[in-house]
Amino acid sequence: MTISPDLNAAGFDTLGLAQPLLQALADVGYETPSPIQAACIPVLLAGHDLLGEAQTGTGKTAAFALPLLQKIDLKRAVPQALILTPTRELAIQVAEALQKYARHMPGFHVLPIYGGQSMVVQLRALSRGTHVIVGTPGRVMDHLERKSLTLNNLQTLVLDEADEMLRMGFIDDVKWILEHTPATRQTALFSATMPDVIRRVAHAHLREPREIKIRSATSTVVATSQSYCQTHSGQKLEALTRILEVEDDFDAALIFVRTKTATVELADKLEARGYSVAALNGDLTQGLREQVIERLKAGTIDIVVATDVAARGLDVARVSHVINYDVPYDTEAYVHRIGRTGRAGRTGRAILFLAPREMYMLKLIERATKQKITALTMPTPGEVANRRVAQFTQQIVDIIKTEKLDFFFDVVRRMEGEQDIAAREIAAALAWLATRERPLQMPGANDHAPREAASTPPAAATAPVRDFERKPEFKARAKPDEGSSAVEPRRERPVKEGRSDTPVKQRSFAEGATMQRYRIEIGRNQGVLPKEIVGAIANEAGIAGKDIGQINLFEDYSSVELPANLSDDLMDILRRIRVRQFALKTRVMEAGEFVDTRPPRRAPPAGDRKKPDWKKPDGPKPAWKKREH
Ligand code: AMP
C-alpha cells in the first residue's frame, strides 16, 4: 500500500489503540497520527507482518512501538518484543520513546542493550526481567549465545533501519537472530530504502507482509523563496529569534511544530522574548481558533505557532514567513505548510530548521518543490544588533521627517547651554533611554555592531539624514563651536568594502600567546595581497597587527597565524569578514592540511617580520610576501 499524507486524518482514537496509550499520546501532545502511523498501527494491531519504507522523522518509531506495547502482558517480565537497531544511539532513543508511550502502563520495563556497554551491567539488568529489549544485532546475538537472553516468549520482532544494518555489515547477525526466534512471532521491518538484499530477507522471514510506503510528493513548483538552517535542537530557539530579527520584509509568521505541547511552549518562549504570539492547536475550540486567526489578520499578533492540523486552511495574506521549526513528516506536508505564505500575490519566505540527522529531507524537498533551498546560518549577535540599529535609525529618520519637533529643539538647545553637554551626548543618552526595554546590542555583540551598521547604512536611512542636515533653521541654531554636535554635517566618506569608519576596539592577547594556523578562503587566484588580509582582520576583528603572524597565499586559499583558541564570537566575525567580495570563512587548519613541519610560532614584533628561510617541501608553493601595514 502506498499512502500519501491525509491532512484530514482522524485522531489516534480511531486506530484501535488502548486507553493508556491514548492517554500517553495526549500527554506528549501528539495531535494526529503521522501518515505512516495511520497506515501501520491498524495493520500491526491486526497481527500482520509489515514491510515499511520510511525514513527517520516520519514517526515510524511510534508506528511500531504503540501496537507492540498494546500486546505486552505486564504481569510477565519476560522479553515479549525485540527491536533491533543499527546503532547504540538509536537503541537508546527507541527505548526512551517506548518508555514515554508506556507511561500509563505501570511496571513496564524496556532495556536497551548494545556493544560498548559493560556486559556485567547488562547481565544484571537482564536477570531482573524486562518486557522489551532494544538492541544492536551483535550484542543481542552475544546474549542469545550465552543464554543470558531467551526469546521463547517473543511475540514481536522489529527490524528498524534495516538498510543501515545492512550497510554496517549486520545483516548476517540479523538473519541469525531471525532464525533463533519463535516462528510464531509478528515481524515488522522498516527501512528507508528497499535494496534487494533487504527484500530477500523480508521474503524469507516475513509472513505475507503488508507493504507500506510513504508516497513521495508530486513535484510542485512553489513561488516561495526557501532557506534552511542546520541547527542542533539546543540552538533552535536562539537561531529562530535571531533569524526573525534579521529577515527582510517580515510582517507575520506561521511557525510549525509537531505537537500541541510544543505550540504552547514555543509561543510562551517567544512571548517572553517580546513577540506578540499565540499558539494554535487542536485543543482550541473553533471559536478560539477563529479568534487567533482574526488577531493575526488584524495585526494584534504577529506570530502563530501551530500544528499542521490546526493550521489547515489558514489563509492570512500578511503571513510573510512560514517557519518549519520542526521538520514536517514528508514533502507533501512541507508543500502544504509553505503554501500558507506568498498569498495575495506577495512573495513568501519559507525557512526550514533541520537537525544534522534530518538533512536528508533537504534533497527530497528540493526535488518536490523543484527549487534550490539556500543555506542560512544563524545570524551573529553583531548582525542582529546591526539590524536593530538600522531599524532604530529609520525610526529616528521618520520622526524627523514627520513630527513637529520645534519644542524639542529648544529643550535640546537648553540642555546644551545649561548643562554644557554636546548634542551628540544628549542624543546618545536619549537613544539609551529609548531602547532600554529592548537594547540595541545583544549580549556578545560587543562593539562591532554599530560599526558594521555604519559601514553599510540602510539605504532608506541615509538619504533622509541629508534632508535633515539641510534644514537651514536647524543648522543656524547650532552652536558655532560645536564641531562634534549632532548637527555636524555628515561627511560622506567612501565606504570601503567590509571596513568601518569607526575603529573597532582592539582585543588584547597575552604576551607570548600560542599561535595557531587558520585557513581563509581567498588566495592568489583571487588577487589578494597579504596587507589586505592583515588590514581586514585588524579592522574588522580588532586583532592588532602584532597578534597576526605569518600569512601564506596559496592558489584558492591562504593560511594566517592568529592566537590560538579564539572565542566563538570572534571566530564568527572572522568567518564573515569579506576581502575582495570573498567571505574569509576562517577556520582552524586541520593537522596535516598545511605541509609545514615547523610548529606555529609567536608572532614577531610588528615591523620585524622577515621572509622565512624555509621552503615548503611539496605541494602548492606559498606566495611569500613581506607583510606591509
Ligand atoms: P521518528 O520518525 O519515529 O524518529 O519520529 C520523529 C519525531 O516525531 C519524534 O520526535 C517524535 O516524537 C515525533 N512524532 C512522532 N509521531 C508524532 C505525532 N503523531 N505527532 C507529533 N509528533 C510526532
Side-chain angles (χ1 to χ4, degrees), residues 3 5-15 17 21-42 44 50 52-69 83 85-87 89-103 134 158-164 188 190-192 212-214 232-234 236 255-266 279-283 305-312 324-331 333-334 337 352-361 364:
I3 50 167
D6 174 7
L7 289 175
N8 294 311
F12 280 104
D13 51 354
T14 60
L15 300 179
L17 291 169
L21 296 173
L22 292 176
Q23 185 55 49
L25 293 171
D27 293 349
V28 293
Y30 292 3
E31 212 168 52
T32 38
S34 73
I36 194 93
Q37 291 162 0
C40 293
I41 292 172
L44 289 173
L50 188 146
E53 200 172 320
Q55 303 254 18
T56 307
T58 50
K60 67 175 162 56
T61 314
F64 63 72
L66 295 166
L68 163 167
L69 286 171
I83 301 160
T85 67
T87 62
E89 287 73 25
L90 188 59
I92 294 169
Q93 206 178 303
V94 169
E96 282 172 357
L98 280 158
Q99 201 72 63
K100 187 166 72 175
Y101 303 135
R103 64 202 291 169
V134 189
V158 178
L159 309 178
D160 194 10
E161 302 199 350
D163 50 353
E164 271 303 294
F190 286 89
S191 196
I212 290 178
K213 174 179 177 178
I214 300 279
H232 290 280
S233 57
K236 232 191 324 189
I255 302 182
F256 283 97
V257 293
R258 284 204 163 175
T259 63
K260 290 189 265 191
T261 335
T263 61
V264 178
E265 279 171 8
L266 184 57
L280 191 68
N281 63 45
D283 281 350
V305 187
T307 53
D308 289 286
V309 176
R312 201 187 294 154
N324 292 280
Y325 193 73
D326 289 341
V327 66
Y329 295 118
D330 50 42
T331 53
Y334 176 86
R337 286 179 177 188
L352 168 67
F353 285 95
L354 290 170
R357 59 191 278 272
E358 293 163 343
M359 285 301 286
Y360 70 89
M361 280 296 281
L364 298 179

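First listed ligand is number 1; within each ligand, the first listed atom is number 1. All values reported here derive from a predicted model rather than from experimental measurement.
Every side chain to side chain contact (heavy atoms under 4.5 Å, CB included) that T85 has, sequence neighbours left out, goes to I83, L90, A91, V94, V134, T136, D160. Applying the side chain to side chain contact (heavy atoms under 4.5 Å, CB included) test to T259 and every residue at least two apart in sequence or in another chain returns Y30, T261, A262. Not a single salt bridge (Lys or Arg N to Asp or Glu O under 4.0 Å) links D13 to another residue, sequence neighbours left out.
Annotation: ligand 1 has protein neighbours F12, Y30, T32, P33, S34, Q37, T56, G57, T58, G59, K60, T61, K100, R258, T259, Y329, each with a heavy atom less than 4.0 angstrom from the ligand.
If you run side chain to side chain contact (heavy atoms under 4.5 Å, CB included) between I255 and each of L266, N324, D326, only L266 comes through.
Minimum heavy-atom separation, Q37 to L15: O-CD1, 4.3 Å.
Side-chain contact between E358 and F353: absent, with no pair of heavy atoms (C-beta onward) separated by less than 4.5 Å.
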